[in-house]
Amino acid sequence: MPELPEVETVRRTLAPHLTGRRILQTHIGEYRRTVATPDPERFCARMDGRSIVELGRRGKFLLFRLDSGDTVTIHLRMTGELSVVEPAAATTPHMHLWFDLDDGRQLRYYDVRKFGRWSLITPAQFELFDQSIGPEPFDPELTAETFASMLRGRRRILKPLLLDQSFIAGIGNIYADEALFRAGIHPRRHSHELTADEAERLLCEIRWVLSSALEHRGTTLRDYRDGNGEPGENLSRLQIYSLDHDDPCPRCGARIVRDVVGQRGTRFCPSCQPVNPQAK
DNA sequence: TGACACCTGCGT
DNA sequence: ACGCAGGTGTCA
């Protein structure tokens with residue numbers, strides 16, 4: 001479900017409902033006690049009575065900054081979903097964690113596949129967390145030159161490297177394929193073999209793809225909903241991820257290839273994204 | 001680097 | 001019945 005544009009859309013849609021609100025009582029469902037760390041008793045004890053000062057985001061993590069100085073980090077993984085509703089609102093299965101707010105409403109967290117995680121961390125723990133994640137794609141300090149030298153410094157297959165959150169934050173399977181397609185770079189190229197020109201193009205297309213998706217409030221393939229329960233509108237804008245094997249490339253008409261790279265389904269155009277560009 | 005694990009549900 | 005899914009963690 002969520003890559004950077006989707007998490008950022010959730011942040012923006014939840015912020016008006018949660019900023020400044022006090023958490024009266026936190027609840028963790030019995031069938032998913034490992035959803036949060038520390039354990040449910042400590043987690044709830046440190047949450048209850050605190051106010052949410054600000055909503056943030058780091059990579060694919062949503063952040064609730066509390067007035068205690070602690071931070072809640074939430075990773076939605078594949079099917080996590082958050083919404084603020086009236087307590088009387090009908091509930092659906094797979095609600096694992098929720099809390100009562102001081103305006104009488106509830107924040108609810110659903111996760112069908114149960115991969116998502118919440119953590120309540122101290123400022124010192126936040127520093128470590130923050131350092132373990134690569135740069136934000138829109139960080140102005142991430143220049144084309146910096147990005148090129150990051151790529152040269154890692155001898156890795158390009159696509160799995162883009163998905164590695166310690167290398168760069170927020171990119172997932174959809175937008176990795178989209179950015180590589182737009183940049184005309186084969187997903188199996190090696191990071192240290194890209195030219196400076198290609199590195200610059202790739203960074204540029206990563207930013208284009210992410211900001212365009214954000215403008216359309218994220219991509220809903222199936223489950224993703226923002227904080228108001230609305231799906232994103234970006235699916236129809238995807239150029240390659242939504243295509244099947246042998247579909248025509250939207251740019252050149254050649255047949256799209258779908259194979260597996262780094263254990264992830266990967267779409268690319270062998271003609272627009274040659275393995276060996278020099279030979280072209 | 002890959003194989004597999006963690007989960008549930010949906011489309012073929 | 002089987003393959004696949006927006007993510008990541010751990011093992012060899």
Side-chain angles (χ1 to χ4, degrees), chain A residues 1-11 29-37 57-62 73-82 92-97 109-119 128-129 132-134 137 154-181 187-192 206 209-210 212-214 216-227 230-247 257-267:
Chain A
M1 162 169 121
E3 306 181 29
L4 186 152
E6 290 76 33
V7 179
E8 178 61 20
T9 303
V10 171
R11 188 195 71 76
E30 283 305 315
Y31 45 100
R32 190 70 186 92
R33 291 181 59 83
T34 55
V35 66
T37 50
R57 181 190 56 75
R58 179 76 172 94
K60 299 176 189 171
F61 289 86
L62 184 64
T73 71
I74 303 167
H75 200 305
L76 303 170
R77 294 285 181 96
M78 298 288 267
T79 52
E81 206 179 312
L82 291 162
T92 55
H94 311 296
M95 183 166 80
H96 304 299
L97 193 158
Y109 171 69
Y110 297 88
D111 186 2
V112 170
R113 292 178 71 180
K114 306 187 175 96
F115 289 165
R117 291 288 181 279
W118 291 51
S119 299
L128 294 176
F129 159 85
S132 71
I133 302 173
R154 310 284 288 265
R155 319 190 122 242
R156 302 245 327 251
I157 296 170
L158 197 48
K159 180 172 171 187
L161 183 61
L162 294 178
L163 297 179
D164 181 342
Q165 300 300 297
S166 70
F167 178 72
I168 186 166
I171 300 172
N173 208 32
I174 297 178
Y175 303 119
D177 279 6
E178 292 295 316
L180 288 167
F181 174 72
R188 288 192 199 274
R189 297 272 306 280
H190 285 261
S191 60
H192 55 103
I206 286 169
V209 157
L210 294 178
S212 160
L214 186 50
H216 300 101
R217 301 177 25 264
T219 300
T220 297
L221 298 176
R222 190 212 248 46
D223 302 297
Y224 165 70
R225 296 289 183 278
D226 68 19
E230 300 288 333
E233 306 288 346
N234 195 60
L235 180 58
S236 62
R237 316 261 166 179
L238 300 181
Q239 293 188 65
I240 188 96
Y241 185 86
S242 47
L243 300 181
D244 286 325
H245 195 83
D246 287 345
D247 280 348
V257 170
R258 207 232 128 172
D259 73 352
V260 176
V261 180
Q263 285 85 245
R264 306 300 301 276
T266 298
R267 282 86 167 170

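In what follows, every chain begins at residue 1, and chains take the letters A, B, ... in the order their sequences are listed. Just so you know, these numbers come straight off a predicted model, no measurement behind them. The basis for the numbers below is simple: all heavy atoms, side chains too, and nothing from hydrogens, waters or symmetry mates.
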[X] vs [N]: side-chain N/O to OP1/OP2 distance below 4.0 Å:
X: Lys60(A); N: dT8(C); value: yes
X: His75(A); N: dT8(C); value: yes
X: Gln165(A); N: dT8(C); value: yes

Under 5.5 Å centre to centre and under 30° between planes: does that hold for Phe115(A) and the six-membered base ring of dT8(C)?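 No; centroid distance or tilt outside limits.
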Salt bridge present between [X] and [Y] (N-O < 4.0 angstrom):
X: Asp259(A); Y: Arg188(A); result: yes
X: Arg267(A); Y: Asp247(A); result: no
X: Arg154(A); Y: Asp164(A); result: yes

Rounded to the nearest 0.5 Å, what separates atom CD in Glu8(A) from atom CG in Leu62(A)?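 Rounded to the nearest 0.5 Å, the CD-CG separation comes out at 9.0 Å.
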Roughly how many Å apart are [M] and [N], using the [atom1] atom of each and rounding to a whole number?
N: dT8(C); M: dC10(B); atom1: P; result: 24 Å
N: dA5(B); M: dG3(C); atom1: P; result: 14 Å
N: dG6(C); M: dG11(B); atom1: P; result: 16 Å
N: dT1(B); M: dA5(C); atom1: C1'; result: 22 Å
N: dC11(C); M: dC7(B); atom1: P; result: 16 Å

Among dG2(B), dG7(C), dC7(B), the nucleotide that comes nearest once only the side chain of Lys114(A) is considered: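 Side chain of Lys114(A) sits closest to dC7(B).
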Arg222(A) side-chain proximity, nearest of dC10(B), dT1(B), dC7(B):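 For Arg222(A), the side-chain atoms sit closest to dC10(B).
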Whole-Å gap separating [atom2] ([N]) and [atom1] ([X]):
X: His94(A); N: dT8(B); atom1: NE2; atom2: C1'; answer: 7 Å
X: Arg77(A); N: dC7(B); atom1: CZ; atom2: C1'; answer: 12 Å
X: Arg113(A); N: dA5(B); atom1: CZ; atom2: C1'; answer: 12 Å
X: Leu76(A); N: dT8(B); atom1: CG; atom2: C1'; answer: 17 Å
X: Leu4(A); N: dT8(C); atom1: CG; atom2: P; answer: 12 Å
X: Phe129(A); N: dT8(C); atom1: CZ; atom2: C1'; answer: 14 Å
X: Asp111(A); N: dG9(B); atom1: CG; atom2: C1'; answer: 13 Å
X: Leu161(A); N: dT8(C); atom1: CG; atom2: P; answer: 14 Å

5'-most contact on DNA chain C: Thr266(A) or Gln263(A), nearest heavy atom basis?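 First, find each residue's nearest nucleotide; the 5'-ward one identifies Thr266(A).
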Base, sugar-phosphate alone, or nothing: which one does Arg264(A) contact when heavy atoms must sit under 4.0 Å apart?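 Base, at least one base heavy atom under 4.0 Å.
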At 4.0 Å (heavy atoms only), tell me whether Arg258(A) reaches a base, stays on the sugar-phosphate, or touches nothing.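 If one applies the 4.0 Å heavy-atom cut-off, Arg258(A) turns out to touch the sugar-phosphate alone, with no base involved.
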Compute the centroid of each ring, for Phe61(A) and then for His75(A), and state whether the two points are separated by less than 6.0 Å.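 Aromatic pair counts; centres sit under 6.0 Å.
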Closest approach of Glu233(A) to Ser236(A) (non-hydrogen atoms, all atoms of both residues):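 Scanning both residues, the minimum pair turns out to be O-OG, 3.9 Å.
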Does dG6(C) have a Watson-Crick or wobble mate here (both distances under 3.5 Å), and if so which one?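 Checking every strand shown, dG6(C) finds no partner, since no pair has both distances under 3.5 Å.
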